[in-house]
Structures are given as C-alpha cells and as structure tokens.
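Below is one structure, written out as structure tokens, with a few remarks after it.
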Amino acid sequence: MNLKTNLLFISLLLLSVVAQCAFANFPFAFFAFPLDLLLALIWIGGMGYAYKEKRSSVAVRIWLSPQCTYWTLGWFLGGCLVIGLFPQLSVQDAVRKSGVLSTLGCYHFTSSWIFVTGLFGLLTHLGMITLRRFFLPGRSQWRFVLNHAGLWLTLFAGFIGSAEEQTLRIPVFRTSSNNEAFTEEGNKVFLEKSLQLTDFVVEHYPNGSPRHFFAEISVDGKPVHLEVNHPYAASWSEDYYLTSYDVKSPEPQYCVVQIVREPLKYLMWLGIVMMLCGGCLLFLAGPDREKTSFPEKSC
C-alpha cells in the first residue's frame, strides 16, 4: 500500500509540474459560479459514495492510509514554505518575472497547479477520514468530526472561493462621482454604485508625516466613513477599504478605495468556529474519553 501511495503522489506531483509549465497558473476565474458549486457537489458526493460503497477498494484505502497523511501534509507545508520564502506578487507582476522559479509559479504560488493539486489532495484525504470517523459507533465521535469538518470547511471555502474572490481599486474624487474601478490585472470594471469624496482629514506628527487619516465618501448618496483598517461592509460579501490618498495637495482631491468581494467569507468563518469548538471539546474531554481515537491516523 505504501508503494502505491508513493507512486500516486509522485505522479500527481509530476503532472502538476507539467501542467504549471504548460498552462501557467491555475485558471480560477474559469471555475466561477455556478461551475464551482457543481464541481464541489460532485466532489463531496463522490467522496461519500466511495466510502460507503467502495470502502475496500485500493483507491479508498490509499486515501485513508497514514502514508497519505504524510504526503498531503508534507505537500501543503512545503507549499506554505515556498509562499514564505518567495515574495508573493500580483498577477501582472508575477507574469513579468522570468526563469525557472517564475515558470513553477513561485511568485504567485497559491494559484499554481502545484499548490492547487496538493490542496485538493489534502482536502480529499481530510474529507475521507472525517467520513470514516462519522460512521464509526460511539458518542465521542462527533467531537473529532466537528474539529476535522471545520478544518475541511475552512480550507474548502478558501479553495473554492478563490474563483469568486475579486479585488478592485477605484479612485474617488471630490469634483465628480466615479464608478470605474480596476482589477488587479488592470481591467476596467463598472460598478453599480457611484462613489464621490465629500471630505478628507489628515492628522500629522510634529515632523509632518501623516499619523492618521480618514475619508467621508458618498456611495450613491449614502454617507460612508472610511479609515485605515476599519472597512465599510457594503454587503455580506463586499467590503470597502481606504488604501491611499492624494498626498500632493494640502487638501486631498481624491482617495483610493479598495473593494474586496469574498462570497464565501462567512462559510470560512463558520469552519474556523467549528474547528475551534471541536478542538476545545476534544481538549476538555481528556485522553481517557478519546482513547479510541488514537489508533486512527488523522490529518
């Protein structure tokens, strides 16, 4: 079994490297709603069917094996190490890079085929062991399931949500309203709402450098107060951030607002809450009550 698991993950690693070299980074935008929802349902349903109906098959045993835990965790941690060691640039800046590291997607690694394949493997393994524990008898199983299902949901929402996430920047002027924003790639996007700067206040240190600044803007006639690190929630999935302003004028004539759209943000928060609650309950239950969980390898 160890040999088959090693061969599977070595093949996946080589295929992901080939895909990265051939097609550049993973096309998250292609898998936007509703395709991402459809694929997610097929993926989750496939794992459930495989465990219930094909539990004794070689493929299911591989995804439930301790060797799979070592591979998926090692792959994920290796990807995190790459993200920490190499500067993570915007899409357009990463494209301008050349060389082997750029080809392998090291400068925008979270969207590389290598990282996406490793994350897919980790989620599949984590989902399978969560299903295994869910169907085991015993009252204490739900603590383990809550913890691991929360971790799965957090990673899943971040993974699937990448297709829906969007970051825009829009200059907001005093003299006129504006609804033309720009994506990270420099493409123009027209917003449904128009923004206009009504007031801007800058507080300075004694040496003249800015200490604090905030803006009052109008969003389709609605007054909105923006400060650095204090975003305005326009909706459950859209937040406005104040990022910069006109530093050349004593009275700034414009500011720059960053709009972040994250449709699955609260789903990710739910996963984090589940994971924390499950972890606390496992800790409070003590080793004696959870003794049956130790022989089973988990992620």
Side-chain angles (χ1 to χ4, degrees), residues 25 28-29 32-33 83-98 102 106-111 157-158 161-269 272:
N25 282 17
F28 276 111
F33 183 84
I83 294 172
L85 291 176
F86 296 95
Q88 299 301 294
L89 309 175
S90 62
V91 175
Q92 56 268 40
D93 290 337
V95 170
R96 298 190 189 101
K97 290 283 187 178
S98 59
S102 175
C106 292
Y107 299 107
H108 202 275
F109 200 65
T110 54
S111 63
S162 297
E164 303 293 336
E165 290 178 6
Q166 189 179 37
T167 300
L168 306 172
R169 291 204 171 201
I170 177 171
V172 183
F173 304 99
R174 280 184 184 270
T175 55
S176 61
S177 60
N178 182 34
N179 70 334
E180 294 182 3
F182 298 88
T183 66
E184 292 180 303
E185 295 78 21
N187 300 322
K188 185 181 295 186
V189 175
F190 291 95
L191 305 178
E192 296 179 356
K193 304 175 182 178
S194 295
L195 282 68
Q196 185 171 359
L197 180 66
T198 56
D199 192 20
F200 199 96
V201 177
V202 184
E203 299 175 357
H204 298 85
Y205 287 106
N207 62 3
S209 60
R211 181 177 66 87
H212 177 69
F213 56 89
F214 61 88
E216 301 290 344
I217 66 174
S218 172
V219 181
D220 271 354
K222 179 181 179 180
V224 171
H225 178 83
L226 285 181
E227 295 183 44
V228 176
N229 299 325
H230 291 79
Y232 164 71
S235 67
W236 63 274
S237 62
E238 185 174 276
D239 295 317
Y240 290 9
Y241 295 84
L242 179 62
T243 58
S244 62
Y245 65 96
D246 177 18
V247 297
K248 297 182 179 179
S249 302
E251 185 177 0
Q253 298 301 302
Y254 70 86
C255 66
V256 178
V257 174
Q258 180 172 284
I259 303 173
V260 180
R261 295 171 173 172
E262 298 176 292
L264 299 185
K265 174 177 61 177
Y266 292 103
L267 188 63
M268 186 183 302
W269 288 4
I272 294 173

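- A heavy-atom distance below 4.5 Å is found between the side chains of W236 and P263.
- For the atom pair CZ of R174 and CD of Q253, the computed distance is 5.5 Å after rounding to the nearest 0.5 Å.
- A heavy-atom distance below 4.5 Å is found between the side chains of E216 and H225.
- Partners of K222 according to the side-chain hydrogen bond (donor to acceptor under 3.5 Å, both in side chains) rule, which considers only residues two or more places apart in sequence or in another chain, are Y232.
- Of the possible donor and acceptor atoms, one in the side chain of S111 sits under 3.5 Å from a partner among the backbone N and O of H108.
- Side-chain atoms of M268 and E262, non-hydrogen and from C-beta on, never get closer than 4.5 Å to each other.
- Interatomic distance, CD of E227 versus CZ of F214, reported as 6.5 Å (0.5 Å rounding).
- Considering CZ of R169 and OG1 of T243, their distance stands at 4.5 Å, rounded to 0.5 Å.
- With N178 as the fixed residue, the side-chain contact (heavy atoms from CB on, under 4.5 Å) test singles out one of L195, L191, I170: I170.
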Given R96 and L89, is the side-chain contact (heavy atoms from CB on, under 4.5 Å) satisfied, shown in steps? CA-CA 10 Å; R96 298 190 189 101; L89 309 175; over 6 Å; no

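- Distance CD/E184 to CD/E165: 10.0 Å, rounded to 0.5 Å.
- Here the two rings, on Y245 and F213, have centers that are under 6.0 Å apart.
- E180 pairs by the side-chain hydrogen bond (donor to acceptor under 3.5 Å, both in side chains) definition with nothing, not counting sequence neighbours.
- D239 approaches S235 most closely through the heavy-atom pair OD1-O, 4.5 Å.
- Between Y240 and I259, some side-chain heavy-atom pair lies under the 4.5 Å cut-off.
- Heavy-atom contacts from other residues, nucleotides or ligands closer than 6.0 Å to CG of N229 number 12 or fewer.
- Inter-residue side-chain proximity for V202 and P252 is flagged as met; some heavy-atom pair is nearer than 4.5 Å.
- One finds the OG atom of S177 at 12.0 Å from the CG atom of L197 (value rounded to the nearest 0.5 Å).
- Side-chain contact check for L168 versus R261: some heavy-atom pair is nearer than 4.5 Å.
- Between atom CZ of residue F109 and atom CG of residue N25 there is a gap of 9.5 Å, rounded to the nearest 0.5 Å.
- Here the side chains of F200 and L242 are in contact, with some heavy-atom distance below 4.5 Å.
- Between W269 and Y266, the ring-plane angle classifies as perpendicular under the 30° and 60° cut-offs.
- Considering only heavy atoms from C-beta on, T183 stays 4.5 Å or farther from K188 through its side chain.
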